[in-house]
Asks: 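Could you have a look at this structure, given as structure tokens, before my questions?
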Amino acid sequence: MIHVETARHNLNWLWLALAFLATAGALIVLPLTSAVLAIGGALAALAILRFPELALYALVFAVPYGSLFPVSVGAGNLTAVDLLVALVIALWLARMIVQDRAIVIRWQPLALPFALFLGAALLSMTVALSLQFALKEFAKWAEMFAMYVFVANNLDAAKLPRVLAAMFLAGLSEAAIGIYQFLFQVGPAGFILFDRFMRAFGTFEQPNPYAGYLGLIAPVALAVISGQWLVNRKNFSLSTTHYPLVVLAALSLVALLAALFMSWSRGAWLGVGAALVITTVVQSRRALVLSVIAAFALAIVVLLSSINIIPSVVAERFSGVADYFGVFDVRGVKVNDTNYAIVERMAHWESAAMMFAAHPLLGIGIGNYAVAYPAYALPGWSNPLGHAHNYYLNIAAEAGIVGLVAYLILWAAAFWQGWRAVRVTRGWHRSIAAGLLGMLVALSVHNGFDNLFVHGMHVQVGIGLGIVAAMTSFKMTNGK
């Protein structure tokens with residue numbers, strides 16, 4: 001014990017000395033603005049060194065806000081998310097080497113499926129047109145895996161409420177930005193709704209990924225609110241530690257759902273709707289009854305829309321959801337303002353399908369959809385948009401059947417891990433596990449119409465998967 005404390009003390013002094021030297025060098029060599037940024041970074045590193053979990057909280061906020069100040073590097077940008085992931089892992093490994101004289105990592109159930117997918121991605125890079133774009137996409141999945149392993153190895157029951165609080169605060173702040181944009185018509189002209197509102201897009205530049213981010217948090221917030229009540233109402237109890245978190249979750253959920261509606265993203269509506277149902281149903285039989293009641297309520301909403309009691313624009317938007325499930329030849333469709341979004345997506349689906357048909361084994365290279373797109377673009381649809389607007393088609397086009405199968409194995413394993421967490425945990429932890437399972441549902445459904453592994457959301461998913469893995473090892477059957 002004395003040896004560990006001495007090692008920790010020496011490590012802190014070592015980093016303090018390095019930070020002092022870096023600060024002095026920055027003041028001498030760099031311009032004042034850059035020096036201030038460097039000193040701020042050094043202070044942040046010291047704070048993270050002293051309190052390692054601060055890095056995790058910072059990462060939670062970096063997901064929505066980290067891309068505001070990108071650093072251009074080759075084919076992509078480095079953001080605060082990338083830098084924080086590297087810092088978190090580097091400090092974690094350094095502390096293990098100094099304190100334990102060895103790197104000891106508890107490999108979790110998803111380690112092998114992650115390795116299979118990363119291996120498939122590496123294979124696809126052998127045929128990639130652009131190695132830079134391939135490396136950029138590969139780095140995302142490596143970061144997701146790294147955060148999954150880090151959280152699973154370092155999170156404990158005491159830290160869990162704080163991580164969730166950071167998640168809800170980040171979601172609440174993003175929701176507030178979107179609500180402001182919607183009400184005060186702040187944004188580009190293309191996002192204007194009904195000549196008086198604006199589609200909410202937050203700090204994500206586009207409404208769909210913005211709504212996707214909110215959808216990753218909403219089921220977890222619902223789970224915290226439901227807490228032990230849905231699992232065992234007779235023995236319901238809420239500690240003073242959890243009470244503020246439940247209040248924060250309730251405020252966040254209201255704001256998240258409002259901002260989701262204001263994003264006008266039908267894919268997110270579908271994903272979050274399915275996620276909230278799953279989050280509720282898997283917790284208890286009582287929850288199943290409540291879900292049936294909710295289904296009847298939804299049926300009433302549909303009925304009211306048919307007799308024009310709810311606003312027609314809302315009814316039309318909901319009725320348009322069915323269009324996502326149709327498949328048609330884009331070349332035979334006359335495009336107008338009403339069907340443009342659907343036809344555009346279908347055009348990219350067809351292009352992705354053609355890429356897969358031409359390169360069925362290894363695809364055209366992970367991350368290379370936009371690079372290869374001009375050779376497969378349909379007439380009138382020359383803008384690659386960065387992805388196929390369907391991640392399953394996108395990964396099939398980029399990594400072939402090998403990559404698609406590896407991805408499906410990984411995601412099936414992720415769902416199994418989520419379901420297992422629901423079964424082996426109890427009380428409050430069981431509800432949180434249900435919420436994280438709902439997060440996977442929201443992501444999987446929405447990815448059928450988009451690609452949500454953008455803007456740092458891959459790290460958010462990695463953190464969520466890590467929380468699930470950590471909770472199964474808490475061994476706290478009472479859930480307190």
Side-chain angles (χ1 to χ4, degrees), residues 47-63 81 84-96 99-100 103-111 114 143-171 216-217 219-221 223-224 227 239 241-242 244-246 248-249 413-414 416-440 456-480:
I48 290 172
L49 178 65
R50 181 65 182 87
F51 306 102
E53 64 185 274
L54 289 178
L56 182 57
Y57 309 148
L59 256 175
V60 170
F61 279 92
V63 171
V81 171
L84 277 170
V85 169
L87 180 61
V88 165
I89 300 303
L91 289 178
W92 179 38
L93 296 177
R95 292 179 73 89
M96 283 194 291
Q99 294 177 9
D100 304 327
I103 295 177
V104 180
I105 299 174
R106 300 192 311 272
W107 296 107
Q108 303 298 321
L110 295 187
F114 260 115
E143 288 176 345
M144 185 194 296
F145 177 50
M147 291 313 302
Y148 165 70
V149 173
F150 173 80
V151 174
N153 277 264
N154 291 277
L155 188 70
D156 56 37
K159 296 174 184 175
L160 178 59
R162 297 195 287 271
V163 174
L164 294 177
M167 192 180 298
F168 298 150
L169 284 171
L216 297 180
I217 302 174
V220 185
V224 169
S239 70
T241 302
H242 294 162
L245 184 64
V246 172
L248 177 59
W416 172 82
Q417 177 185 262
W419 174 248
R420 178 174 177 269
V422 173
R423 304 307 300 171
V424 301
T425 52
R426 294 292 182 271
W428 190 66
H429 286 149
R430 183 176 187 179
S431 296
I432 295 173
L436 292 167
L437 182 61
M439 178 197 75
L440 293 177
M457 279 189 279
H458 57 286
V459 169
Q460 181 94 6
V461 175
I463 292 172
L465 292 173
I467 293 173
V468 174
M471 284 199 305
T472 59
S473 64
F474 287 170
K475 296 180 180 180
M476 299 179 66
T477 56
N478 59 4
K480 296 180 181 178

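Note that these values count all heavy atoms, side chains included, but never hydrogens, waters or copies made by symmetry.
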Asks: Not counting sequence neighbours, which residues clear side-chain contact (heavy atoms from CB on, under 4.5 Å) with Ala433? List them please.
Replies: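 Scan of Ala433 (side-chain contact (heavy atoms from CB on, under 4.5 Å), adjacent residues dropped) gives Ala421, Val422, Thr425, Met471.
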Asks: Tell me the side-chain hydrogen bond (donor to acceptor under 3.5 Å, both in side chains) pairs involving residues 457-469, sequence neighbours left out?
Replies: Glu143-His458
Asks: To the nearest 0.5 Å, what is the distance between CZ (Arg420) and CG (Leu437)?
Replies: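 Between atom CZ of Arg420 and atom CG of Leu437 there are 14.0 Å.
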Asks: Would you please name every residue forming a side-chain contact (heavy atoms from CB on, under 4.5 Å) with Ala111, sequence neighbours left out?
Replies: Trp107, Phe145
Asks: With rounding to the nearest 0.5 angstrom, report the CG to CE distance, Leu436 to Met439.
Replies: 5.5 Å
Asks: Quick one: side chain to side chain donor-acceptor pair (under 3.5 Å) partners of Gln417, sequence neighbours excluded?
Replies: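 Checked Gln417 against side chain to side chain donor-acceptor pair (under 3.5 Å); matches are Tyr148.
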Asks: Roughly how far, to the nearest 0.5 Å, is CE of Met96 from CD1 of Ile103?
Replies: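 Going from CD1 on Ile103 over to CE on Met96, the span is 5.5 Å.
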Asks: Could you point out which residue of Val88, Leu87, Val151, Val163 forms a side-chain contact (heavy atoms from CB on, under 4.5 Å) with Leu59?
Replies: Val88
Asks: Could you give the distance from CD1 (Ile463) to CG (Leu155), rounded to the nearest 0.5 Å?
Replies: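 It is 10.0 Å, given to the nearest 0.5 Å.
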Asks: For the residue pair Leu465 and Ala414, what are the closest heavy atoms and their distance?
Replies: CD2-CB, 4.0 Å
Asks: Considering residues at least two apart in sequence or located in another chain, which fulfil the side-chain contact (heavy atoms from CB on, under 4.5 Å) criterion with Ala62?
Replies: Ala80, Val81, Leu84
Asks: With rounding to the nearest 0.5 Å, note down the distance linking CG in Leu245 to CE in Met167.
Replies: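 Here the interatomic distance stands at 10.5 Å.
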Asks: Going from CH2 on Trp92 to CG on Leu56, what distance comes out if it is rounded to the nearest 0.5 angstrom?
Replies: 12.0 Å
Asks: Using the test side chain to side chain donor-acceptor pair (under 3.5 Å), find all partners of Arg162 that sit at least two apart in sequence or belong to another chain.
Replies: Glu53, Tyr57
